[in-house]
Every structure is written in C-alpha cells, then in structure tokens.
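Okay, so here's the structure we're looking at.
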Amino acid sequence: MDKKMIPNILTLTNLALGTLALSHTIQYRCNLAAILILICAILDGMDGKLARRLNAVSAFGKELDSLADLVSFGVAPALLVYVVSLSQLSLFDLFVTLAFVLCGAIRLARFNVSQPRKYFTGVPITVAGSILAGTILIHHFFALPLLVFPLIMISMSYLMVSKFKVPGWK
C-alpha cells in the first residue's frame, strides 16, 4: 500500500465513525455517539498533519476531508443535540438544528476556496461540532437546562460563518 493513502484512510475512518455516531444517535445511545464525534476530531487533526508529513497533500484529500467533516461535525452533532434536547420543544429547535448544519457547510465551502493563511476565518466546524458533543457528555453528568442547547447551536452557527480570525494550529 502506498503510504500517501494513509491520510485519506484516516479521513474515511473519520467519516465512518461520524456515520456510526448518527446510527447510535437514532438508537438513543447518545453518549457513545458523542464519544465517536470526539474521536473523529482526533482523526481529523491527524489526517492533515500526516498528509503534510508524508507530502501527500492533495485537492482530493481536501475535498474528502470537508465531506467527512460535514457528516462528523455538522450533521452528527446537530442530530445528537436535537435528539437529546430539542426534539420535544418546537419548530424553532428544528430550524436551529438545520441552521447549524447549513452554516457548517458554508464554513467548509468557504475554507475550501480560500487561500491558505495562518488563521481560520470563523470557528472551524470541527471545533463547533466537538463543543456540541462535549456539551452532550456534560449534560449526561450535570443535567444542563435545555435552553443551553439552542443557545450553543445558534452561537456556534454564527461563529462558523463569522469573519472572526481564529488562530490556526497547523
């Protein structure tokens, strides 16, 4: 096997675990789903670093990474929060859930067409999705008020599409 395929294999593993998080969410195994999303964040950090180290950076890998990120850090955490705390509240909560996914997609598309910089414009979807997953785990132990969840989702949605400069860590 060509060692330059390893970063894409990590990205595909991220996508597979994000999809498994969706499956666990709809089966109400929400803590496991949250843990899988956080593992996806680790894999997402590793694939890019490994691609640079192996001189395997490619346009294909960048696009594959964004597709995996939309599932693992956009759809999976949004559905997770919806199932855990929002699905019994209102149509507004469905709107908030969709907004998170859509803002995440906009954030990823903007990143893919931007020039490389030493900072990110807007909060990366990996960070936003990981915050949602982490909040679910905290909720399991401390029973956070349900109002926390739409507030975090609205905040993260806005921060992903904002023009704020967020330090890079490459």
Side-chain angles (χ1 to χ4, degrees), residues 10-49 64-111 119-170:
L10 287 177
T11 302
L12 289 170
T13 304
N14 167 4
L15 177 58
L17 293 180
T19 304
L20 284 174
L22 288 166
S23 175
H24 286 297
T25 297
I26 61 176
Q27 295 173 19
Y28 299 101
R29 294 193 294 257
C30 296
N31 289 335
L32 180 55
I35 291 167
L36 287 171
I37 292 166
L38 295 175
I39 292 170
C40 289
I42 294 167
L43 292 171
D44 187 58
M46 290 172 53
D47 64 1
K49 287 178 185 172
L64 184 62
D65 185 70
S66 286
L67 293 170
D69 288 354
L70 185 57
V71 172
S72 298
F73 308 111
V75 178
L79 181 65
L80 178 61
V81 169
Y82 184 79
V83 165
V84 167
S85 65
L86 302 178
S87 62
Q88 299 167 2
L89 299 179
S90 71
L91 188 59
F92 171 76
D93 297 319
L94 182 59
F95 171 77
V96 169
T97 303
L98 291 172
F100 183 84
V101 175
L102 298 176
C103 289
I106 291 167
R107 168 68 178 79
L108 288 165
R110 185 174 65 196
F111 175 77
Y119 60 87
F120 294 109
T121 303
V123 170
I125 192 171
T126 306
V127 172
S130 295
I131 287 172
L132 290 183
T135 303
I136 292 299
L137 291 175
I138 291 169
H139 176 66
H140 176 75
F141 294 104
F142 298 107
L144 300 172
L146 293 183
L147 183 60
V148 166
F149 294 97
L151 291 175
I152 290 174
M153 289 184 82
I154 291 167
S155 299
M156 288 296 109
S157 298
Y158 170 72
L159 289 172
M160 283 190 287
V161 296
S162 72
K163 300 290 183 177
F164 292 125
K165 293 179 181 177
V166 177
W169 49 76
K170 290 185 179 178

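Atoms considered below: every heavy atom in the structure, side chains included; atoms not considered: hydrogens, waters and symmetry mates. Bear in mind that the values here come from a model prediction, so they are computed numbers and not experimental data.
Put simply, the side chain of His139 gets close to the backbone of Leu144: a donor and an acceptor are under 3.5 Å apart. No donor-acceptor distance shorter than 3.5 angstrom exists from the side chain of Arg110 to the backbone of Ala105, with no hydrogens or angles considered. Side chain of Ser72 to backbone of Asn14: a donor-acceptor contact under 3.5 angstrom is found.
Put simply, CG on Leu17 and OG on Ser23 are 12.0 Å apart, with the number rounded to the nearest 0.5 Å. If you take CE on Met160 and OG1 on Thr121, they are separated by 14.5 Å, rounding to the nearest 0.5 Å. Rounding to the nearest 0.5 angstrom, the gap separating the CG atom in Leu10 from the CG atom in Leu15 is 12.5 Å. To the nearest 0.5 Å, atoms CG (Asp44) and OG1 (Thr11) are separated by 7.0 Å. With values rounded to the nearest 0.5 angstrom, Met156 atom CE is found 12.0 Å from Ile125 atom CD1. Atom CG of Leu159 is separated from atom CZ of Phe164 by 6.0 Å, given to the nearest 0.5 angstrom.
Among residues two or more places apart in sequence or in another chain, the side chain to side chain contact (heavy atoms under 4.5 Å, CB included) test is passed with Leu102 by none. Partners of Thr19 by side-chain hydrogen bond (donor to acceptor under 3.5 Å, both in side chains), not counting sequence neighbours: none found.
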Practice prompt. Could you walk me through whether Leu147 and Leu151 pass the side chain to side chain contact (heavy atoms under 4.5 Å, CB included) test, one step at a time?
Written response: CA-CA 7 Å; Leu147 183 60; Leu151 291 175; 3.9 Å; yes
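Counting only heavy atoms from C-beta outward, the side chains of Leu80 and Leu132 never approach each other to under 4.5 Å. Looking only at side-chain heavy atoms (C-beta outward), Thr97 and Leu79 stay at 4.5 Å or farther from each other. Between Asp47 and Thr13, the closest side-chain pair of non-hydrogen atoms is not below 4.5 Å. Side-chain contact between Phe73 and Ser130 is present, with heavy atoms from C-beta onward closer than 4.5 Å. Proximity of Met153 to Tyr82: side-chain heavy atoms (C-beta onward) are nowhere separated by under 4.5 Å. Considering only heavy atoms from C-beta on, Cys30 stays 4.5 Å or farther from His24 through its side chain. Side-chain contact check for Thr135 versus Val81: every heavy-atom pair is 4.5 Å or farther apart. The closest side-chain heavy-atom distance from Pro150 to Asp93 is below 4.5 Å.
Residues Cys40 and Gly18 share a closest heavy-atom pair of SG-N, 3.5 Å. The minimum heavy-atom distance linking Phe100 with Ala78 is given by the pair CD2-CB, 3.8 Å. Between Ala34 and Ala133, the shortest heavy-atom contact is CB-O, 3.6 Å. Annotation for Leu108 and Leu70: closest pair CD1-N, 3.7 Å, computed over non-hydrogen atoms. Annotation for Pro124 and Val166: closest pair CD-CG1, 4.3 Å, computed over non-hydrogen atoms.
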